[in-house]
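As structure tokens, the structure follows; a few thoughts come after it.
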Protein chains: 2
Amino acid sequence: MMETGRSLMDAVRERCGRCAGRSVSICNAIDDNDLPVLVAESSRVTVPAGRCFIEEGAPAHDFYVLTGGRARLFSLMPDGRRQIIGFAELGDFLGLASSDSYAFTAEALGDVNLCRFPHSSIDRLVERFPRLRCRLQQEASGELVKMQARLMLLGRKTARERLASFLVEQAVPCCAHGRAVKDEHGPLTLPLPMSRTDIADYLGLTIETVSRTFGLFKKEGLISVKGASSVTLLAPGTLSSIANGIRQG
Amino acid sequence: MMETGRSLMDAVRERCGRCAGRSVSICNAIDDNDLPVLVAESSRVTVPAGRCFIEEGAPAHDFYVLTGGRARLFSLMPDGRRQIIGFAELGDFLGLASSDSYAFTAEALGDVNLCRFPHSSIDRLVERFPRLRCRLQQEASGELVKMQARLMLLGRKTARERLASFLVEQAVPCCAHGRAVKDEHGPLTLPLPMSRTDIADYLGLTIETVSRTFGLFKKEGLISVKGASSVTLLAPGTLSSIANGIRQG
DNA sequence: CGCATTGTTGAACCTGTTCAAGCAGGGTGG
DNA sequence: CCACCCTGCTTGAACAGGTTCAACAATGCG
């Protein structure tokens with residue numbers, strides 16, 4: 001049972017390390033010796049690869065913290081068109097938006113570990129740990145900013161710009177989590193646990209366009225690809241320029 | 001000075017009326033006899049049509065409540081491409097996302113009235129009115145849900161679906177605010193204070209496509225247009241079906 | 001009324017899609 | 001161990017929705 005609390009704290013710590021400086025106070029939202037309270041309120045969930053643990057439209061009873069693995073969040077149109085809202089990772093909060101029903105489906109990319117909190121317990125927790133409220137707010141706030149950037153991406157960016165944006169976006173947390181091989185402005189290798197279809201549905205493109213654009217980047221010496229689930233950014237700076245529409249090729 | 005507090009409360013009341021039931025408790029976040037506190041912390045701002053009152057990238061000192069008029073929120077790419085994030089209206093909260101700098105520019109559509117709160121005062125207010133925190137959270141939460149719908153719109157919907165979505169979206173608050181002429185599932189007239197360019201930049205299209213799609217809807221008897229800034233939805237149900245991808249034409 | 005601005009319409013064009021075929025990798029079974 | 005197949009990825013060619021460019025109409029304002 002102690003495991004539950006531990007893994008949540010680990011997630012929070014990891015997350016704090018990632019956004020250096022700013023989030024330090026967030027760590028203090030919950031003190032280590034308060035962990036038993038957390039443990040009492042939450043339950044640990046393990047979800048096998050490919051399984052959905054949140055379903056769009058279902059009544060939103062619970063709130064999750066992702067403590068291991070990654071998940072895709074998406075919604076569907078009646079004819080099957082899919083838009084991926086985001087990829088959740090270590091430390092991410094799911095089901096924040098406290099509406100009556102979930103606004104998206106969440107599906108495990110690989111095996112996923114979660115801490116589940118009933119919505120009812122949130123109020124108790126927040127009362128017990130007032131700083132948690134700030135944390136939740138900050139989380140929502142950060143999510144909003146990201147969303148705004150994604151509106152620009154989907155509404156106005158070209159395929160090249162979208163894929164470049166995606167790659168640099170993936171690079172940031174990877175660096176912080178130590179998943180990527182970093183080399184100070186030099187090449188930077190990162191895993192892509194999601195399929196081409198996922199990337200396409202995330203970027204509002206088709207798999208073919210994603211594949212072709214990968215091909216172009218490769219030919220231009222901006223990236224190199226190993227086995228479709230690992231990319232090396234050979235020129236992160238250039239990619240970043242492309243992502244922001246500063247440079248086009 | 002009392003005006004400031006009054007207008008904010010009016011905005012909050014209006015807003016509550018709009019989302020019947022659910023938001024009643026939000027009204028109670030601030031009691032009428034607590035208004036002087038609010039007044040002390042806020043300042044009233046009037047912005048003439050076309051003027052920016054929040055600038056993307058500028059340090060985010062303040063937080064606003066829109067108490068009159070409407071505004072467009074957008075961000076720009078270096079080459080001038082514009083994505084409209086949303087249209088703010090009566091009761092909307094701006095600058096919620098508490099990052100160091102604003103993530104978007106806000107520009108008055110017509111003349112706009114605002115209540116401005118320095119970020120520093122928020123903490124004081126929240127301490128004084130604990131329910132305000134819930135309100136802020138709910139606001140952010142609702143914004144997130146809307147954003148997710150907009151990702152689907154920009155990433156996967158066709159031009160027809162986008163414009164239909166836009167029209168039904170505009171219809172909802174218009175009904176509640178009494179700006180629209182409603183007739184129970186019948187025709188529904190609403191003003192469009194924004195230009196075609198705004199609509200295009202909101203929907204990730206061009207003015208030409210917007211114009212043409214308006215033309216199609218008109219020809220199909222779904223809407224009728226008076227002077228480009230007023231539309232009547234002749235078949236709201238059909239438009240809603242189109243918006244959700246259930247029906248295509 | 002005349003000018004400027006905004007919106008509409010038409011035609012050529014292009015980016016990204018669709019459809020279709022080929023390829024690579026990885027696991028299975030003979 | 002290798003042929004086989006299955007799935008996911010890549011590549012090619014035709015297509016189409018939406019853009020771009022350009023001309024024209026409508027609106028609105030001095």
Check: Should the pair B/Phe63 and B/Phe117 be assigned to parallel (<30°), tilted (30 to 60°) or perpendicular (>60°) ring geometry?
Finding: tilted
Checklist line | Exam field: side chain B/Thr67 to backbone B/Asn113, donor-acceptor pair closer than 3.5 Å | finding: yes
Once you round it to whole Å, what is the distance between [atom2] of [N] and [atom1] of [X]?
{"X": "B/Leu154", "N": "D/dG18", "atom1": "CG", "atom2": "P", "value": "13 Å"}
{"X": "B/Lys226", "N": "D/dG28", "atom1": "NZ", "atom2": "C1'", "value": "18 Å"}
{"X": "A/Leu163", "N": "D/dC9", "atom1": "CG", "atom2": "P", "value": "13 Å"}
{"X": "A/Asp201", "N": "D/dG8", "atom1": "CG", "atom2": "P", "value": "13 Å"}

Can you confirm if the NZ or CZ of [X] lies within 45° of the ring axis of [Y] and under 6.0 Å from the centre of its six-membered ring?
{"X": "B/Arg72", "Y": "B/Phe87", "value": "no"}
{"X": "A/Arg162", "Y": "A/Tyr202", "value": "no"}
{"X": "A/Arg196", "Y": "A/Phe214", "value": "yes"}
{"X": "A/Arg116", "Y": "A/Tyr64", "value": "no"}

Check: When you check every protein heavy atom under 4.0 Å of nucleotides 2-20 of chain C, what one-letter string (B, S, -) results, 5' to 3'?
Finding: -----SBBBB----SBBB-
Notebook entry, point to check: Are the charged groups of B/Asp201 and B/Arg81 less than 4.0 angstrom apart, N to O?
Noted result: no
Next item on the list: Return the angle between end axes of the helix from C/dC1-D/dG30 to C/dG30-D/dC1, with five pairs used per end and rounding to 10°.
Entry: 30°
Next item on the list: Using the side-chain contact (heavy atoms from CB on, under 4.5 Å) rule, take B/Leu233 and B/Leu167 through it: C-alpha gap first, then chi angles, then the decisive distance, then the call.
Entry: CA-CA 8 Å; B/Leu233 311 190; B/Leu167 290 173; 4.1 Å; yes
